Every structure is written in C-alpha cells, then in structure tokens.
Chemist: 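This structure is in structure tokens; I'll ask about it shortly.
Note that this is a predicted model, so its numbers are computed, not measured. Lettering of chains follows the sequences in order, A, B, ..., and the numbering in each one begins at 1.
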Protein chains: 2
Amino acid sequence: MAKFKLDEIDHQILDMLIDNTRVPFTDIAKKLVISAGTVHVRVKKMEEAGIIKGSSLTLDYKKLGYSFIAYVGVFLQKTSQTKFVLERINEIPFVTVAHVTTGKFNIFCKIRAKNTEHAKDVIFKLDDIEGVYRTETMISLEESINDKKRLMHSIFNEL
Amino acid sequence: MAKFKLDEIDHQILDMLIDNTRVPFTDIAKKLVISAGTVHVRVKKMEEAGIIKGSSLTLDYKKLGYSFIAYVGVFLQKTSQTKFVLERINEIPFVTVAHVTTGKFNIFCKIRAKNTEHAKDVIFKLDDIEGVYRTETMISLEESINDKKRLMHSIFNEL
DNA sequence: GGTGAAAGCACCGAGTT
DNA sequence: AACTCGGTGCTTTCACC
C-alpha cells in the first residue's frame, strides 16, 4: 500500500470537498486561483489513485429514530473461529462496524439501534453465533466526533 | 428529536446518493420516472429537515500512510471529571471519535495513526490528561465495515 | 501539468395543472 | 405535490502553452 504524493493544491481541494462534496469545481478553482479544468483533472487523479474512495451522505440517524449506539466486545471460544464469526457478524443488521482486535476482546463491534429493546435483539443475535462465548456491552451515553476535516488537517500537517 | 416521514421515493433517492453524492439529479429522475425538479425539491426538503446533514468524501487513509486503528478505553479517577477529560480528548489529533459510555470504561475512543510508534504518542497524550487513571488499548487487526447503504436499507425495511 | 473557451448538461426557480 | 420549461451556471473536453 504505497503512499501517494499530494501537493498543497490537492490538500486544498480535499479540504473544500471533505465536508461538502457538492461544492462546484468552479468555486474551488476561483478560491485556489487555478482553472476549473485543473480541479477536475486533479480530483480524477485522486479518484484513480484510490485516495478518494467515494463520497457519501451524512444522515441524521437520530432523526430517523435510531439514536442508540453501543459497542460490543465479543469473546470467542477459540480464536480460530474468528473468520467464521466475523462473517456471521457482518450479516447482522444494525452492526455498523466490526474489528478483529488484540487485547481484551477477540472481536469488537459497534451497533446502532432504535432503543435498548431493539439493541437487545441485535446483541442476542451476536450471542447466538456459534463460537461466541460471551459478549460485553458498552452503551454510548454521548458521542463526540472529532471530524474528518480535523483528521485530514492533522495528516497534512505531518506529511 | 422527532421522526420524519420518508416515503418510498425518498428512500430511493437516498439510496442513489448515499454512496455517490455527485450522481446527477437527472439520472435519479430517469431511474425513478419522476422529474428532476421533484428530485431537487425532495432533496432540499430532506436537507431542511436535517435528515441529510451533509456529505463527505471517503478517503483511503491506508494509502495516505495511516493504517493503524486502535480503540482505547479510558478509566477516570472520578466520573465527575468526564466533561473536562472529554474536552481534552477532543483536542488530541488522531483521536477520531470519543464516547462517554456505561460499562467497563468511562470514556471510549478510536484513534487512527501511522504505526505503533505514532499510536503510542497519541495514547500517551490520553494518559497524560488530568483525571485519567489508566487506559486500555485494543489494536485493530482487521476492520470490516458494514456499509452505510446496508444500515440505511435495514432502517427503511423497519420503518 | 496547466489554461481558456466552447459544447453539453445539470441545477433550480417560476409558473401551471 | 409534481410537472414543464428556460435562464443561469457547472462540468468536461480539447487544442494550445
């Protein structure tokens, strides 16, 4: 996985697109005092290089009625079952991310649900997977996000 | 936080935009056999209602040299320090999310770093915060993402 | 690797049903 | 609420630097 060289202009373009992907290229061009064609070519190159993997909408899941977030640590009977269990976990709706981890848990996942009742259903599905010994749930009382823009800036400052 | 009524057409529109925010509204209109103006009006309504909070680019952090992910559980001396510590955590670069949680840890966060060396610096910064008693790190060996599209479909199927 | 202009489309508001 | 339509402005390409 080779690093890819981005220059200051690429940084600026990403900076303008990272939290609003529909900013017109003409606006970016104006701000950076380059032509819109150049913006287009550079974005295309970053897409081809795979630096830009895609774009997505940020939805307000709370407004959709899904305000419950929890992290669930999964203990396995044998670590050799990791792959199998991970595949089963990925089939469970409302599990949003899963990681194989070192440390306390074998697998660690995040779930998003309507409420505790609904979360219980999801966690029971996790517990029911063959090879899962037990789970440990941490309910999120408050989420505080250090946004993508900040992460990107930190990365650019170090490069 | 009231729920917002989305109909089948809204679902379809979100479905097309969720993993490519730059799909032309005319394409969406063609596929759903409605006019582009209608797509425009509906997207605007969802934005105004706050269902669509924004859009963002998905970057490949591995390609940028940041392939290390870890979760860090934070133990506090007193839970009353939660707010203060959370604010300090949010100032630390490369911490991407933080949650106040029930269960084992008081605060739980995710970090993204270049390598173990770099992660160590971040974790030391967490340990150094006044009021933090100790931390426990879980290194991610493999990330498996249950994408947004799937979560959205699960939600739509339940509504 | 960048530009500027031109052609082709998309966006988006106004007016209509 | 949805449609059509038209002005405005965005994207994308291409010949040239």
Chemist: How many whole angstroms separate atom CD1 of B:Ile13 from atom P of C:dC11?
Modeler: 12 Å

Chemist: In whole Å, what is the span from the CD atom of A:Glu8 to the C1' atom of C:dG2?
Modeler: 18 Å

Chemist: Given atom NZ of B:Lys45 and atom C1' of C:dC12, what is their separation to the nearest angstrom?
Modeler: 15 Å

Chemist: Under a 4.0 Å N-O cut-off, is there an ion pair linking B:Glu91 with B:Arg88?
Modeler: yes

Chemist: Kindly assign one of parallel, tilted or perpendicular to the pair B:His118 and B:Tyr66, based on the angle between their ring planes and the thresholds 30° and 60°.
Modeler: perpendicular

Chemist: Please state whether the rings of B:Tyr133 and B:Phe75 are parallel, tilted or perpendicular, taking 30° and 60° as the class boundaries.
Modeler: perpendicular

Chemist: Would you please confirm or rule out a distance under 4.0 Å between OP1 or OP2 of C:dG2 and any side-chain N or O of A:Arg42?
Modeler: yes

Chemist: Where along nucleotides 3-17 of chain D does protein come under 4.0 Å, by heavy atom, of base (B) or sugar-phosphate alone (S), with - for untouched nucleotides?
Modeler: SB-----SBBB----

Chemist: Could you tell me how far apart B:Asn20 (CG) and C:dA10 (P) are, to the nearest whole angstrom?
Modeler: 14 Å

Chemist: Using the side-chain hydrogen bond (donor to acceptor under 3.5 Å, both in side chains) rule, collect all pairs that involve residues 23-37 of chain B, keeping only residues at least two apart or in two chains.
Modeler: B:Ser35-B:Thr38

Chemist: Relative to each other, are the rings of A:Tyr71 and A:Phe108 parallel, tilted or perpendicular (30° and 60° limits)?
Modeler: parallel

Chemist: Are B:Lys45 and B:Glu48 within salt-bridge range, i.e. N to O under 4.0 Å?
Modeler: no

